[in-house]
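I have placed the structure first, in the form of C-alpha cells, so that the comments after it can refer back to it.
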Amino acid sequence: MTKKEDGFTFSATSEDFAKRHKAPIINIGIAETGKFIMTASSDTTILIWDLKGEVLASINTNQMNNAYAAVSPCGRFVASCGFTPDVKVWEVCFGKQGEFREVSRAFDLKGHSAGVYGFAFSNDSRRMATVSKDGTWKLWDTDVEYKKQQDPYLLYTGKISVSDPCRIALSPDARVLAISSISDITVFSTLTGAVEEEFHSVHGDVITDLLFDINNRFLVSAGDRAVRVFHNTAGYRAAIADMKDMLKKATNKGTKDRLQKQINDAQSALDAVCKNRN
C-alpha cells in the first residue's frame with residue numbers, strides 16, 4: 001500500500017494469488033483458524049484457498065449469481081446467498097493433523113419467497129439471520145446435527161421494507177439484529193422482533209458494510225469513505241432483561257447479589273450512553 005493525497009494505491013507483490021475467478025470478486029473471508037481463505041465472485045463460484053495461494057476446493061453455488069458470501073466466525077463454515085430464496089452453508093473439513101480433507105454441504109436456510117440480500121452469523125455460529133427481497137428478515141437456530149440430516153429451525157420472522165444495497169449484522173450473542181437499506185439503519189430485538197433504534201441518512205452515500213464489535217458494545221457502519229460507530233443500546237437492554245429473568249429464578253443469595261450488581265452496572269452504562277446522546 002502506498003499513501004497518496006486522495007487515498008491509497010495498491011501494487012501487486014510476488015505473493016499474489018493466481019487469477020482463478022472468471023467474474024469480479026465480491027467477497028473475501030479468512031477463517032479465524034488461519035487454515036483457509038474464501039473468495040466469492042459474482043457468478044456462482046466460491047474458491048477455498050490455503051494461505052500460500054493454492055486452491056483447495058471450488059464450489060458452484062447454483063444460485064444464478066452470488067450476492068454475498070462469508071466465512072463463519074468459528075472458521076468451520078462458508079455460506080452464500082444470491083438470486084435464489086435460500087442460503088447455502090458448507091463445512092470446510094480438515095483432518096486431525098490440519099490437512100485439508102473436503103468441502104461438504106452442511107445445511108440450507110429455506111423459507112424466504114424471493115432472493116436473499118444477505119445473512120449473518122452469531123459469534124458461535126449457533127444462530128444465523130437473513131434478510132430478503134420478500135420484505136422479511138428471519139432468525140434461525142443453526143445449532144443442529146446436520147450430519148444426521150437435521151435442518152435448522154426458524155425462530156422468528158420479522159417484516160422490513162428494504163432496498164438494495166442492503167446489509168445485515170447479528171450481534172455476537174444473537175440478541176440484536178441490524179439491517180441497513182441504502183443509507184438508513186434499523187435495529188431489532190431478535191427476542192420480540194420490535195424495532196429498537198432507527199438511524200436515518202447515516203452516510204452521504206450507500207452503506208457498504210455493517211458489523212457489531214466482538215464485545216457486543218458497538219454497531220459499526222461503513223460508507224462514503226467514512227466509518228460511523230453507534231452504541232449498541234439494544235444489546236444493553238436485552239442483557240438487562242435476561243439478567244432480570246435470571247434474578248427471578250435465582251435461589252442462592254450470592255447469585256442474587258451478583259446478578260443485581262451486574263444489572264445495576266449495565267443499567268448505569270446504558271443511562272450514561274443515553275444521557276450523552278441526549
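Remember, it's a predicted structure, so these values are computed and weren't measured experimentally. Position 1 is the first residue of the sequence, and the numbers go up from there.
- Residues Y236 and L259 fall within the same hydrophobic cluster, defined by Ile, Leu, Val, Met, Phe, Trp and Tyr side chains chained together at heavy-atom separations under 4.5 Å.
- Paired with R175 under the rule side chain to side chain donor-acceptor pair (under 3.5 Å), one option of N216, T190, D242 passes, and it is D242.
- The closest side-chain heavy-atom distance from I28 to I37 is below 4.5 Å.
- Annotation: the span from D108 atom CG to D86 atom CG amounts to 5.5 Å, rounded to 0.5 Å.
- Separating the NE2 atom in H200 from the OG atom in S183 is a distance of 10.0 Å, to the nearest 0.5 Å.
- Residues satisfying the side-chain hydrogen bond (donor to acceptor under 3.5 Å, both in side chains) test with K138, not counting sequence neighbours, are T157.
- Judged by distance alone, the side chain of N215 and the main-chain N or O of R217 form no donor-acceptor pair under 3.5 Å.
- Formation of a donor-acceptor pair under 3.5 Å by the T142 side chain with backbone atoms of S125 is found in this model.
- Rounded to the nearest 0.5 angstrom, N264 CG and D271 CG are separated by 10.5 Å.
- Note: F36 and F94 have parallel aromatic rings, judged against thresholds of 30 and 60 degrees for the angle between ring planes.
- Between V176 and F212, some side-chain heavy-atom pair lies under the 4.5 Å cut-off.
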*Begin from the C-alpha positions of Y156 and F188 and carry the test ring pair (Phe, Tyr, Trp, His ring centres under 6.0 Å) through to its verdict.*
CA-CA 12 Å; Y156 196 91; F188 296 89; 9.1 Å; no

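- Judged purely by atom type and a 3.5 angstrom limit, E99 uses its side chain to pair as donor or acceptor with the backbone of Q97.
- Using a 4.5 Å cut-off between side-chain heavy atoms of Ile, Leu, Val, Met, Phe, Trp and Tyr, with links allowed through other members, F107 and W140 fall into the same hydrophobic cluster.
- Under a 3.5 Å cut-off, the side chain of S132 and the backbone N or O of G115 do form a donor-acceptor pair.
- Judged by distance alone, with hydrogens and angles left aside, the side-chain atoms of R228 form a donor-acceptor pair with the main-chain N or O of V202 at under 3.5 Å.
- Annotation for R126: atom CZ does not count as buried by contact number, only 12 or fewer foreign heavy atoms lying within 6.0 Å.
- When every heavy atom of E91 is checked against every heavy atom of A106, the shortest pair comes out as N-CB, 4.2 Å.
- Taking every heavy atom of both residues into account, F119 and A70 meet most closely at CZ-N, 3.8 Å.
- The two residues G75 and T33 make their nearest non-hydrogen contact at O-OG1, 4.3 Å.
- Although no hydrogens or angles enter the test, the distance criterion places no donor-acceptor pair under 3.5 Å between the side chain of D134 and the main chain of H112.
- Formation of a donor-acceptor pair under 3.5 Å by the D213 side chain with backbone atoms of F218 is found in this model.
- Two residues are said to be in side-chain contact when any heavy atoms from C-beta on lie closer than 4.5 Å; I214 and N123 meet this criterion.
- Atoms NE2 and OG, from H203 and S221 in turn, are 3.0 Å apart once rounded to the nearest 0.5 Å.
- Aromatic ring centres of F230 and F199: separated by under 6.0 Å.
- When the options I168, T208, I207 are evaluated for a side-chain contact (heavy atoms from CB on, under 4.5 Å) with S180, the one that passes is I207.
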*Quick one: do T45 and K22 satisfy side-chain contact (heavy atoms from CB on, under 4.5 Å)? Show the steps, please.*
CA-CA 9 Å; T45 304; K22 296 179 180 178; over 6 Å; no

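- The closest side-chain heavy-atom distance from L170 to M128 is not below 4.5 Å.
- One hydrophobic cluster, built from ILVMFWY side chains closer than 4.5 Å, cannot hold both L51 and M38; they sit in different ones.
- S80 places a side-chain heavy atom less than 4.5 Å from the side chain of W90.
- The minimum heavy-atom distance between V206 and P165, with the atom names listed, is CB-CG, 3.6 Å.
- No side-chain donor from either of N65 and S42 sits under 3.5 Å from a side-chain acceptor of the other.
- The shortest non-hydrogen separation linking V116 to P85 is CG2-C, 3.9 Å.
- For L155, the side chain to side chain contact (heavy atoms under 4.5 Å, CB included) test picks out R127, L139, D141, with sequence neighbours left out.
- With rounding to the nearest 0.5 Å, the separation of OG1 in T186 from CD in E198 is 5.0 Å.
- Under the 4.5 Å side-chain heavy-atom criterion for grouping Ile, Leu, Val, Met, Phe, Trp and Tyr, L56 is connected to V92 within one hydrophobic cluster.
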*Could you walk me through whether K249 and D245 pass the salt bridge (Lys or Arg N to Asp or Glu O under 4.0 Å) check?*
CA-CA 7 Å; K249 299 173 184 176; D245 286 341; over 6 Å; no

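- The NZ atom of K256 lies 13.5 Å from the CE atom of M246; values are rounded to the nearest 0.5 Å.
- You'll find the side chain of V103 reaches within 4.5 Å of the side chain of I48, heavy atoms only.
- For Y68 and Y117, the ring centers are positioned 6.0 Å apart or more.
- The hydrophobic cluster containing I46 does not contain L109, counting ILVMFWY residues as joined when their side-chain heavy atoms lie under 4.5 angstrom apart, directly or transitively.
- Q267 is listed as a side-chain neighbour of I240, based on a closest heavy-atom distance under 4.5 Å.
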*Can you list the steps and then say if L270 with R237 is a side-chain contact (heavy atoms from CB on, under 4.5 Å)?*
CA-CA 8 Å; L270 176 60; R237 286 191 286 268; 3.6 Å; yes

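- A donor-acceptor pair under 3.5 Å is formed between the side chain of D224 and the backbone N or O of G204.
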*Audit row: K261, D257, salt bridge (Lys or Arg N to Asp or Glu O under 4.0 Å) steps and yes/no*: CA-CA 6 Å; K261 183 179 185 307; D257 291 344; over 6 Å; no

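- Across N27 and A69, no two heavy atoms sit closer than the pair OD1-N, 3.1 Å.
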